[in-house]
A.B. asks: 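Right, I'll just put the structure down here and ask away after.
In what follows, chains carry the letters A, B, and so on, assigned in the order in which the sequence lines appear, proteins first and then strands, with residues in each chain numbered from 1. As the structure is a prediction and not an experimental result, all values here were calculated from the model. No hydrogens, no waters, no symmetry mates; every other heavy atom, side chains included, goes into these values.
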Amino acid sequence: MEYNFRSIEQKWQKYWYENKIYSTNNNSNLPKYYVLDMFPYPSGSGLHVGHPLGYIASDIISRYKRAKGFNVLHPMGFDSFGLPAEQYAIKTGQHPKVTTEKNIVRFKDQLNKLGLSYDWDREIKTSDSEYYKWTQWIFLKLYNSYFDKKENKAKNISELRIPDSLTKSEKNYFIDSKRLAYLDTIDVNWCEELGTVLANEEVIGGLSERGGFPVVRRPMKQWVMRITEYADRLIEDLDGLDWPDSIKASQKNWIGKSTGAEITFQIDDNNTIDVFTTRPDTIFGATYLVIAPEHPILKDIITNEQSEEIEDYCKNTLLKSDLERQENQKNKTGVFTGAYAINPLTEQKIPIWISDYVLYGYGTGAIMAVPAHDERDFEFAKKFNLRIIKVIKSDQDCYSGEGEIINSSNYNGLMSEDFKNIITTYLEKNKAAKKTTNYKLRDWVFTRQRYWGEPIPILHADEGTVGLDEKDLPLKLPEVDSYLPTSDGLSPLARNSEWKSVNINGKNFIRETNTMPQWAGSCWYYLRFLDPKNNDSFASKKNISYWMPVDLYIGGAEHAVLHLLYSRFWHKVLFDLGYVNTPEPFKKLVNQGMILGNSAFIYRKIDGKSYVSAEIASKYKTQRIHVDINYVNEKNELELELLKNNNSEFLNASFEFKDKFYVDREVEKMSKSKYNVVNPDDICEKYGTDTLRLYEMFLGPLEQSKPWNTAGISGVHNFLKKFWKLYFDSDSNLLVKDTDPSEISMKSLHKCIKKVSDDIESFSFNTAVSAMMILVNELTSQKCRSRNILEPLILIIYPFAPHISEEIWENLGNKKSIVYSKYPDFIDSYLQDNTKIYPVSINGKLKHKIELSLDLTKDQIEARILSDETILEKLNGIEPKRIIIVPGKIINFVI
RNA sequence: GCUGAAGUGGUGGAAUUGGUAGACACGUUGGACUUAAAAUCCAAUGGAUAGUAAUAUCCGUGCGGGUUCAAGUCCCGCCUUCAGUACCA
C-alpha cells in the first residue's frame with residue numbers, strides 16, 4: 001500500500017474533532033504551557049499559504065509540549081468586529097453578522113484541514129454579546145478608575161481625593177477629568193472616506209492604515225484612554241520580556257520618551273512663553289522662537305501690522321491635511337509675529353515666528369530655535385535670514401551632536417553633556433525652567449463612528465456622563481436601518497432613536513452612540529480563553545493564576561505597536577486593579593515572517609487592447625499589469641489559451657511575442673488584487689496536510705519573510721513516503737519486528753532526538769526537519785526494522801506530521817491517539833563517541849586529519865601527533881613555535 | 001535621516017562560546033530498473049589549475065582594512081536589500 005494521505009488525514013481530523021482529543025483541563029498537577037496565535041479577522045477571502053505559517057509553528061510547539069508532559073492551552077478564536085464586514089454591509093445591505101458568521105465557518109474548516117490541535121470548546125468571537133459583555137465591563141473599569149501618580153498605578157475612582165471646596169458640579173467635572181477613559185474635545189484624525197476617526201497608530205504618513213484614504217485633523221468630542229500615564233511602565237517592562245529586539249525598539253520608538261527642560265521666555269510684562277527642548281545646553285545659540293500656528297498665546301502677542309498676514313497663515317495651516325504639511329519638509333514656511341522675547345541668558349531680544357513645522361500637539365507647541373545646531377531651524381533661518389550663532393565647536397555649518405561649548409559667556413570650554421545639567425539647574429533656581437519629560441505617545445482615541453463594533457456602555461445626561469450598571473451588560477448592538485453614518489456625521493447607532501433614548505427611574509438619558517475601535521476586543525481575548533463560558537467574571541481568579549502569562553505568542557510583526565501596545569496597557573490597568581496577577585500578558589513573542597507571493601506581470605500597450613511579451617516590452621510605451629499566476633508556468637511562459645478562456649477581456653486581445661509569451665516576475669505581498677495568492681487547500685489536495693506543514697517549516701527560518709515557491713515541495717513529500725516505507729512494504733505488510741536494535745541505529749536515533757528537541761525549543765524548525773530526514777535516510781539504508789527504534793521515530797515526527805504519525809502508531813497496535821504518549825527521552829550514552837577526528841593545521845591551514853580518543857590529555861595528544869609520520873612529513877623538519885591543542889576541537893601548529 | 005533585520009553555490013537555506021564552509025532539500029548530470037513513461041534506488045555536483053587516476057594545490061561567505069595560530073562568525077570604515085518610522089524640538 002502506498003502512503004494514502006487523503007484518507008489518513010480525513011480519518012484523523014475527524015477522530016480528533018469528534019473525540020475532543022485536544023480539549024484542555026483547567027485542573028491539573030502538570031506544569032502549564034499557554035501557546036497563543038494572534039487570532040484572525042475572518043475576512044471574506046479565506047486563508048492563504050501565508051496565514052498557516054505561524055499556526056503550524058505554534059501547533060508544533062503545542063504538540064511537542066504536550067508530549068513533554070505539559071498541560072497545554074492552545075485556543076483559537078475570531079476577531080470578528082471590523083471594518084470590511086461593515087463596508088460590505090453598506091454596499092449590499094447584508095447584516096455584518098451574517099457575512100461574519102459565514103466567513104468564520106469557512107475559516108474554521110480551513111484551520112481544521114491544517115490539522116491544528118485547537119481546543120475548540122474555548123472558541124471565542126469578539127462580536128459575540130457574551131464576549132463583548134466583558135469588553136464593555138473592562139471599559140467601565142477604565143471609566144471608573146484614575147491614575148495615582150504617586151503610586152504610579154491605577155486605582156478605583158472612589159479612592160480619588162476630591163477637594164472639599166468644590167461645588168457638586170465642579171466635583172463631577174473634577175472626577176471626569178481624572179478617569180482613565182474620559183471624554184474630551186480634541187483634534188482627531190478624521191477620515192472622510194471611512195466616515196470615522198482614527199487613532200494616531202492607524203494613520204500612516206497622513207493616510208489611513210486601512211484603505212489609504214486622506215486624513216485631516218478636526219476637533220471632535222471623543223472617548224479617550226489615558227495610555228500616556230503608562231508610558232514609562234510600558235517602556236520599562238519591555239526589558240523583562242523575551243521579545244524580538246525590533247518589536248521592542250518600535251514600541252520604545254512609538255512611545256518616544258525624551259527628557260529635557262521647559263524654559264520660560266519673557267515676552268513682555270504680562271506674557272511669557274514656555275518652550276520644550278532636549279538641548280538646553282545650546283540656549284546661548286537660541287536666536288529666535290517659533291510657535292505653532294494653533295498656539296493660544298498668539299492672539300495676545302501679535303502686533304497690528306502683522307495680524308493680517310498671520311491670520312492668513314493660520315487659516316491655510318488648518319486647511320492642510322497632515323500629508324500636505326509633511327510635504328513641506330524641504331520648503332519651510334512661516335511668518336514673523338512682530339513680537340519679541342528675551343533670551344534669559346543672553347538677555348537679547350529675539351524675534352517670535354510662527355510656522356507649521358512646530359507641532360502644537362508635542363511639547364509646549366513652541367520651540368527655541370538654535371539654527372547652528374538643529375537642521376530644521378537651520379533651514380528656516382537660512383530661508384528667512386535669521387541670525388545663526390554657533391555654541392558648540394564644530395567644522396560644520398549645522399552640527400547637532402555633542403561637543404565643547406563656545407560663545408556661551410563664562411561657560412565656554414565645558415562639554416555639552418555636563419553643561420546641560422548645569423544650565424538647567426541654574427535656570428530652575430531662577431524659576432525660568434523645569435526638567436520635563438515628553439512623549440510622542442498620545443492618549444488613545446477610543447471611539448469610532450461605526451456600526452460593527454462594541455457599543456460603549458455610557459449614558460449621557462445634562463450634568464455629565466454615567467457608566468451603565470454592570471448588571472445591565474451586555475449592552476447589545478441594536479438593529480439599524482442603514483449602516484452608513486448619519487448626515488450630520490453621527491455614528492450609525494444614532495439612527496435607532498428608540499434605542500438611543502433611555503428612561504431610568506423617570507430620568508431621561510441619551511446613549512453613547514459611538515462604538516469601540518477594532519482593537520478593543522483583541523486587547524484582552526487571551527484572558528477569555530482561560531474561562532470562556534464564565535458568566536460571573538471575564539475569567540476566574542483560579543484559572544488566571546494557573547494559566548497566565550501567555551508563554552508563547554506567535555503572530556505577525558504588523559501588530560508591533562498597535563495591538564501589542566494596547567493590550568499591554570489594558571493588562572496593566574487590570575493588574576493595578578487586582579484582576580490579573582502578572583504585569584505583562586505575553587512572556588515570549590515570536591513574529592513569523594510573511595510568505596510572499598510571486599506575482600506575474602504582462603505589458604499592455606497604451607492603446608489598451610494589445611499585449612507584448614516581457615523581453616520586448618521596452619520597445620513600446622506600455623503599462624504593467626498583474627496577470628494570474630495560475631496561467632504562468634515555471635519557465636515564466638504565459639499559457640495564452642488558458643488566459644483567454646478564463647478571462648473574457650483577453651479573448652479578443654492581440655499578443656505580440658517571439659516564440660513564447662513571457663511574463664515578468666516580482667515578489668510582493670500576497671493579495672487577491674495581485675492575482676498571486678496560493679491557496680493552502682490546493683497543496684493539501686495534491687500532497688496532503690502533513691507535507692504542507694513540513695514544507696512551510698522547511699522553507700527557512702520562521703521569522704524570515706520568503707516568497708512562496710513550490711519547487712522543493714517534492715523533497716518533503718518524499719520524506720514522508722520514505723518514512724511510511726520504513727513500516728510497510730508495498731503490500732501493506734507491517735515490517736516492524738521485535739528485534740534488538742543495532743547499536744548504530746540507536747546512535748542515529750538518539751542523535752536525532754537531541755537535535756530535534758533542541759531545535760524545537762529554539763524555534764529552528766527547518767533544521768529539525770533536516771535532522772528527521774537524515775535519520776529516516778539512515779534507518780532506510782541500515783534496513784532497520786526494530787520496534788525499539790521505529791516506535792520512538794513516530795513520536796519525533798509527530799509534532800510536524802501528526803496525521804501520518806497517528807496512522808502508523810495505530811497500525812503498530814498502540815492505543816489510539818499519540819497525544820497520550822510521551823516524547824522520547826534522549827539517552828546521553830548513545831551519543832558518546834569516544835573518538836573524534838581532529839583537523840590538524842599548520843598556521844591555520846588545514847593539512848591533515850587524525851582520529852584520536854577524546855580521553856587523551858593534551859600531553860598525550862601532543863606525544864601522539866609528534867610521532868605521526870604523515871604529520872611530521874607535513875612539517876617537513878620545521879620545529880613548531882607553538883602547538884595549539886583545543887581538546888575535542890582542533891590541533892594547530894604555529895611555525 | 002533614524003531604528004531594526006539581513007547579504008553564503010544554479011535555488012531555498014545549514015554552520016555551538018571564533019576551530020577550519022556549503023548540512024538538509026530542490027535543480028542539474030550520469031547510471032540501475034522498465035518496451036516506454038511515471039515512481040523508486042545509486043552516484044556526482046562551489047570555482048580554478050595539474051594529473052589516466054586516487055589525489056594535490058590555489059581561490060572562495062557583499063566591498064576595503066584590522067585583530068588572531070585560526071574569522072561567514074569579532075573590531076573599524078563602506079555598499080546593497082528588506083521592514084518600520086519620520087518636521088517629536
A.B. asks: Could you say whether A/K440 or A/L846 is positioned toward the 5' end of RNA chain B, judged by the nucleotide with the nearest heavy atom to each?
C.D. replies: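 This one resolves to A/L846.
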
A.B. asks: Of all the choices, B/A89, B/G13, B/A15, which nucleotide is nearest to the side chain of A/T767 once you look at every atom?
C.D. replies: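 Looking only at side-chain atoms, A/T767 lies closest to B/A15.
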
A.B. asks: Could you give the CD-to-C1' distance, from A/E703 to B/G4, as a whole number of Å?
C.D. replies: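 So the CD-C1' distance, A/E703 to B/G4, works out to 14 Å.
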
A.B. asks: Within a strict 4.5 Å, meaning less than it, do heavy atoms of the A/L386 and A/I350 side chains meet?
C.D. replies: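 They are not in side-chain contact.
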
A.B. asks: Among B/C87, B/G13, B/G84, find the nucleotide with the atom closest to the side chain of A/S250.
C.D. replies: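 Looking only at heavy atoms from C-beta outward on A/S250, the closest nucleotide is B/G84.
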
A.B. asks: Do the side chains of A/L565 and A/W254 get nearer than 4.5 Å, heavy atoms only?
C.D. replies: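 Answer yes - side chains close enough.
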
A.B. asks: Tell me if the side-chain of A/K881 makes a donor-acceptor pair with the base of B/C69, cut-off 3.5 Å, by modelled atom types.
C.D. replies: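 Result: no qualifying N/O pair found.
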
A.B. asks: Can you tell me which nucleotide in B/A89, B/C26, B/U3 comes closest to the side chain of A/A249?
C.D. replies: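 It is B/U3.
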
A.B. asks: Taking the six-membered ring of A/W519 as reference, does the cationic atom of A/R568 (NZ for Lys, CZ for Arg) lie under 6.0 Å from its centre and within 45° of its axis?
C.D. replies: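 Pair A/R568/A/W519 does not count as cation-pi.
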
A.B. asks: With a non-hydrogen cut-off below 4.0 angstrom, is A/G844 in contact with a base, only sugar-phosphate, or nothing?
C.D. replies: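 Result for A/G844 = base.
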
A.B. asks: Would you say A/L298 and A/T337 make side-chain contact, with heavy atoms under 4.5 Å?
C.D. replies: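 Side-chain contact under 4.5 Å: yes.
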
A.B. asks: Taking B/U16 as the reference, what is the distance to B/C26 when you measure between their C1' atoms (whole Å, please)?
C.D. replies: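 About 27 Å, rounded to a whole number of Å.
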
A.B. asks: Which part of the nucleic acid does A/K721 contact within heavy-atom distance under 4.0 Å: base, sugar-phosphate only, or nothing?
C.D. replies: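 Result for A/K721 = sugar-phosphate.
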
A.B. asks: Among B/G13, B/U85, B/C26, which is the nearest nucleotide to the side chain of A/W254?
C.D. replies: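 Of the candidates, B/U85 comes closest.
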
A.B. asks: Base, sugar-phosphate, or nothing for A/Q704, non-hydrogen atoms under 4.0 angstrom?
C.D. replies: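 Here A/Q704 touches the backbone only, sparing every base.
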
A.B. asks: Kindly say if A/N777 contacts the phosphate of B/A25, meaning a side-chain N or O under 4.0 Å from OP1 or OP2.
C.D. replies: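 Yes, such a contact exists.
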
A.B. asks: For A/N892 and B/A71, what is the distance between atoms CG and C1' respectively, to the nearest whole Å?
C.D. replies: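 From A/N892 CG to B/A71 C1': 14 Å.
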
A.B. asks: Between B/U67 and B/U28, how far apart are the two P atoms, rounded to whole Å?
C.D. replies: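 Result for the P pair: 47 Å, nearest Å.
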
A.B. asks: Who pairs with A/K725 by side-chain contact (heavy atoms from CB on, under 4.5 Å), at least two apart in sequence or on another chain?
C.D. replies: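 If we apply the side-chain contact (heavy atoms from CB on, under 4.5 Å) test to A/K725, skipping adjacent residues, there are no hits.
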
A.B. asks: Can you tell which of B/A89, B/C59, B/A23 lies closest to the side chain of A/T278?
C.D. replies: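 Of the options given, the side chain of A/T278 lies nearest B/A89.
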
A.B. asks: Distance check, C1' atoms only: B/G60 and B/U49, in whole angstrom units.
C.D. replies: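 15 Å, rounded to whole Å.
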
A.B. asks: Which nucleotide in the set B/A23, B/C26, B/A25 lies at the smallest distance from any side-chain heavy atom of A/F698?
C.D. replies: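 Of the candidates, B/A25 comes closest.
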
A.B. asks: Give the rounded distance in Å between these two atoms: NE2 of A/H559 and C1' of B/G84.
C.D. replies: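 In whole Å, B/G84 C1' and A/H559 NE2 are 14 Å from each other.
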
A.B. asks: What residues from residues 367-375 of chain A pass a heavy-atom cutoff of under 4.0 Å to RNA chain B?
C.D. replies: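 Those residues are A/I367.
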
A.B. asks: Would you classify A/P701 as touching base, sugar-phosphate or nothing, given that sugar-phosphate means primed atoms plus P, OP1 and OP2, and contacts are heavy atoms under 4.0 Å?
C.D. replies: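 It contacts sugar-phosphate atoms only.
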
A.B. asks: Below 4.0 angstrom from OP1 or OP2 of B/U40, is there any side-chain N or O of A/N718?
C.D. replies: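 For B/U40, OP1/OP2 do have a side-chain N/O of A/N718 under 4.0 Å.
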
A.B. asks: What contact category does A/S258 fall into here, base, sugar-phosphate, or nothing, at under 4.0 angstrom with non-hydrogen atoms?
C.D. replies: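 Since only primed, P, OP1 and OP2 atoms lie under 4.0 Å of A/S258, the category is sugar-phosphate.
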
A.B. asks: Using the P atoms only, state how far B/G46 lies from B/A25, rounded to an integer number of Å.
C.D. replies: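 15 Å, rounded to whole Å.
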
A.B. asks: How should the glycosidic conformation of B/G9 be described, syn or anti, under the criterion that syn lies within 90° of 0?
C.D. replies: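 Syn, angle within 90° of zero.
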
A.B. asks: For the residue pair A/H559 and A/H563, does the interplanar ring angle fall in the parallel (under 30°), tilted (30 to 60°) or perpendicular (over 60°) class?
C.D. replies: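 Rings of A/H559 and A/H563: perpendicular, as their planes differ by over 60°.
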
A.B. asks: Kindly list each side-chain donor-acceptor pair under 3.5 angstrom involving residues 691-700 of chain A, sequence neighbours excluded, with atom names and distances?
C.D. replies:
| residue | atom | partner | partner atom | Å |
| --- | --- | --- | --- | --- |
| A/T691 | OG1 | A/Y687 | O | 3.1 |
| A/T691 | OG1 | A/H717 | ND1 | 2.9 |
| A/R693 | NE | A/F800 | O | 2.8 |
| A/R693 | NH1 | A/D59 | OD2 | 2.9 |
| A/R693 | NH1 | A/L114 | O | 3.1 |
| A/R693 | NH1 | A/G115 | O | 3.0 |
| A/R693 | NH2 | A/D59 | OD2 | 2.8 |
| A/R693 | NH2 | A/P799 | O | 2.9 |
| A/Y695 | OH | A/N709 | O | 2.4 |
| A/E696 | OE1 | A/L53 | N | 3.3 |

A.B. asks: Which of these nucleotides, B/G13, B/A89, B/G84, is closest to any side-chain atom of A/N766?
C.D. replies: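 Output: B/G13.
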
A.B. asks: Who pairs with A/I884 by side-chain contact (heavy atoms from CB on, under 4.5 Å), at least two apart in sequence or on another chain?
C.D. replies: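 Once residues adjacent in sequence are excluded, the partners of A/I884 under the side-chain contact (heavy atoms from CB on, under 4.5 Å) criterion are A/R882, A/V886, A/N892, A/V894.
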
A.B. asks: Checking all strands, does A/K725 fall into the base, sugar-phosphate, or nothing category for heavy-atom contacts under 4.0 angstrom?
C.D. replies: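 If one applies the 4.0 Å heavy-atom cut-off, A/K725 turns out to touch the sugar-phosphate alone, with no base involved.
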
A.B. asks: Would you say that A/L702 contacts A/S764 through its side chain, given a criterion of any heavy-atom pair below 4.5 Å between the two side chains?
C.D. replies: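 They are not in side-chain contact.
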
A.B. asks: Taking the C1' atom of each, how far is B/U35 from B/G30, in whole Å?
C.D. replies: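 Comparing C1' positions in B/U35 and B/G30 gives a spacing of 22 Å.
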
A.B. asks: Mapping A/K722 and A/S246 onto RNA chain B by nearest heavy atom, which one lands closer to the 5' end?
C.D. replies: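 Mapping each residue to its closest nucleotide by heavy atoms, the 5'-most match is A/S246.
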
A.B. asks: To the nearest Å, give me how far apart NZ (A/K754) and P (B/U16) are.
C.D. replies: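 The answer, rounded to whole Å, is 14 Å.
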
A.B. asks: Using the P atoms only, state how far B/C2 lies from B/C78, rounded to an integer number of Å.
C.D. replies: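 Going atom to atom, P in each nucleotide, I get 11 Å.
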
A.B. asks: Just to be sure I understand the rule, does A/I884 reach a base, reach only the sugar-phosphate, or reach nothing, if contact means heavy atoms closer than 4.0 Å?
C.D. replies: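 Base: the residue A/I884, judged by heavy atoms under 4.0 Å, touches a nucleobase.
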
A.B. asks: Taking CE from A/M773 and C1' from B/G12, how many angstroms apart are they, rounded to a whole number?
C.D. replies: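 So the CE-C1' distance, A/M773 to B/G12, works out to 12 Å.
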
A.B. asks: Note every stem involving RNA chain B: at least three consecutive Watson-Crick or G-U wobble pairs, i with j then i+1 with j-1, with both distances under 3.5 Å.
C.D. replies: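 Stems for RNA chain B, defined as runs of 3 or more consecutive pairs: B:1-7 with B:79-85, B:10-12 with B:24-26, B:27-32 with B:40-45, B:46-50 with B:55-59, B:62-66 with B:74-78.
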
A.B. asks: By nearest atom, which of the nucleotides B/C87, B/U3, B/A5 is closest to the A/D245 side chain?
C.D. replies: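 Of B/C87, B/U3, B/A5, B/A5 is nearest to the side chain of A/D245.
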
A.B. asks: Which part of the nucleic acid, if any, lies within reach of A/F719 when heavy atoms closer than 4.0 Å are counted: base, sugar-phosphate only, or nothing?
C.D. replies: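 Here A/F719 touches no strand at all.
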
A.B. asks: Please determine if A/K754 forms a cation-pi arrangement with A/F826, meaning its NZ or CZ atom is less than 6.0 Å from the six-membered ring centre and no more than 45° off the ring axis.
C.D. replies: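 Satisfied, under 6.0 Å and within 45°.
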
A.B. asks: Does atom CD (A/E375) have a neighbourhood of more than 12 heavy atoms from anything else shown, all under 6.0 Å?
C.D. replies: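 Not buried by this count: 12 neighbours or fewer within 6.0 Å.
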
A.B. asks: Taking the P atom in each of B/C75 and B/A5, what is the distance between them to the nearest angstrom?
C.D. replies: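 Rounded to whole Å, the distance is 13 Å.
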
A.B. asks: Against the six-membered ring of A/Y357, is A/K332 placed for a cation-pi contact (under 6.0 Å from the centre, within 45° of the normal)?
C.D. replies: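 Flagged: A/K332 positioned over aromatic ring of A/Y357.
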
A.B. asks: Would you kindly give the OH-to-C1' distance between A/Y360 and B/C87, to the nearest whole Å?
C.D. replies: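 Rounded to whole Å, this separation is 18 Å.
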
A.B. asks: What interatomic distance, in whole Å, is found between C1' of B/A86 and the corresponding atom of B/G12?
C.D. replies: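 My reading of the C1' atoms in B/G12 and B/A86 gives 35 Å.
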
A.B. asks: Taking only residues two or more places apart in sequence or in another chain, which ones pass side-chain contact (heavy atoms from CB on, under 4.5 Å) with A/S400?
C.D. replies: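 Scan of A/S400 (side-chain contact (heavy atoms from CB on, under 4.5 Å), adjacent residues dropped) gives none.
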
A.B. asks: Mind calculating the distance between CE (A/M697) and C1' (B/A25) to the nearest angstrom?
C.D. replies: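 After rounding, the reported distance stands at 16 Å.
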
A.B. asks: Nearest whole Å is fine: how far is B/U85 C1' from A/L562 CG?
C.D. replies: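 Roughly 13 Å, once rounded to whole Å.
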
